[in-house]
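Both counts, for ligands and for their atoms, begin at 1 and track the order of listing.
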Amino acid sequence: MHLKIALLEGDGIGPEVTVEAVNVLTAVANHGGHVFEFLPLPIGGVAITAYGKPLPDHTLATTLQCDAALLGAVGDNKFNHLPPSERPEAGLLQIREALGGFANLRPAIAYRALADNSPLRPEITEGADILFVRELLGGLYFGQPRQWDRQTGRAHNTMVYTAEEVERVARIAFHLAAQRPKKKVTSVDKANVLETSQLWRSVVTEVAQDFPTVTLEHQLVDSMAIHLMTRPRDFDVVLTENLFGDILSDESGVITGSLGMLPSATLGGKVNLYEPVHGSAPDIVGTGKANPIGAILTAALVLRHSAGLEAEATLIENSVTDILEQGFRTSDIARGNGEANLPGQRTVTTAEMGALILDSLNGKLTRAEFPIPTLQV
Ligand code: IPM
Ligand code: MN
């Protein structure tokens, strides 16, 4: 297996966490005789500084030649004065659009070892395993027209969806749900107020007809925000439009214990785009406090969705679980403000966490601790 991976480290903690993702991917390549070629390319604030724009032409052109793109984070407060179209985030939105992936998968799992980390009681989060499928190329993020008219003091954005855009992402959500034990899709909208949501609900209901084994329910986004915190275990695949998914997936970091734990994969376009859900966290750059687990779990998704290496993806995920069970914590997931001496807990830096997971993974790869493949009948 030869994979060319665009490495879009970006801003803030992006480079610090991405290197840990690269390390686990390289370990898998070395053990399996694969070649993963990484092509570092600028995006976001670093690209504005070096090339005057957040998505330089050669970054996009080269990424389009790759088999997958692995992104760290974008965003830098020093560009806060710029209009949205010139900020680092614009580079991310441009590359999402150009790569064409419309289905953004954001798994949120309640790790047993982190049960005491969530402000939610363990009996609420225990066993929660949610897969958000966020529509990524439509809605308010891309709808035209959009404008802030400083003269008149009026601004507008446009929330727009076509039936086709809803259908294609809904099909992916149902397809994924059909393969999961609970086989349930919760579609999120605001159909009591928005026409776009009424379209959303009607298209999703039609798509459901093609997936008789999957149960469909609809939830309004406001009450869904509560249900996620009060009964997260009741959900399986959660299908949302772009902005609702942005908000609810951050919220689900509470279930997992930290936003720093969440990975994502964007499928359906020319090149799959992989990025942790967290941002560039400029306040902790260089402190060793960044949690690399979101990026490492994102690397597992690269193997699952772009390399067909499901067993290796699972080994990475199991290594993360093992290291958490052993009590190792970055400061965002440590109890007591990251005090290293709490019983059963050892606070480590970004690089130490990466090395621990890498060690555990190397051990599993060497012992060929592969999960028994499921029998296909
Ligand atoms: C995310 C981020 C991005 C988004 C920003 C950085 C443009 O918050 O991936 O969730 O809003 O999609
Ligand atoms: Mn977000």
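Remark: minimum distance from atom 10 (O) of ligand 1 to any protein heavy atom is reached at D246 OD1, 2.9 Å. Regarding atom 11 (O) of ligand 1, its nearest protein heavy-atom neighbour is Y141 OH, 2.6 Å.
For the salt bridge (Lys or Arg N to Asp or Glu O under 4.0 Å) with D129, the qualifying choice from R112, K182, R180, R233 is R180, the only one to do so.
The existence of a salt bridge linking E167 and R171 is confirmed by a sub-4.0 Å separation between a basic side-chain nitrogen and an acidic carboxylate oxygen. Classification of R346 and E352 as a salt-bridged pair fails, no side-chain N sitting under 4.0 Å from a carboxylate O.
Checked by distance only, ligand 1 and R96 come closer than 3.5 Å through their nitrogen or oxygen atoms. Looking at ligand 1, you'll find an N or O of R134 within less than 3.5 Å of one of its N or O atoms.
D246 contributes OD1 as its N, O or S atom closest to the Mn ion (ligand 2).
Among R87, R106, E89, H278, the residue whose heavy atom lies nearest to atom 1 (C) of ligand 1 is R106.
Ring geometry for W200 against Y161 counts as perpendicular: the plane angle is over 60°, on a 0 to 90° scale with 30° as the lower cut.
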**Prompt:** Can you list the steps and then say if R96 with T266 is a side chain to side chain contact (heavy atoms under 4.5 Å, CB included)?
**Reply:** CA-CA 9 Å; R96 282 179 183 170; T266 305; 5.7 Å; no
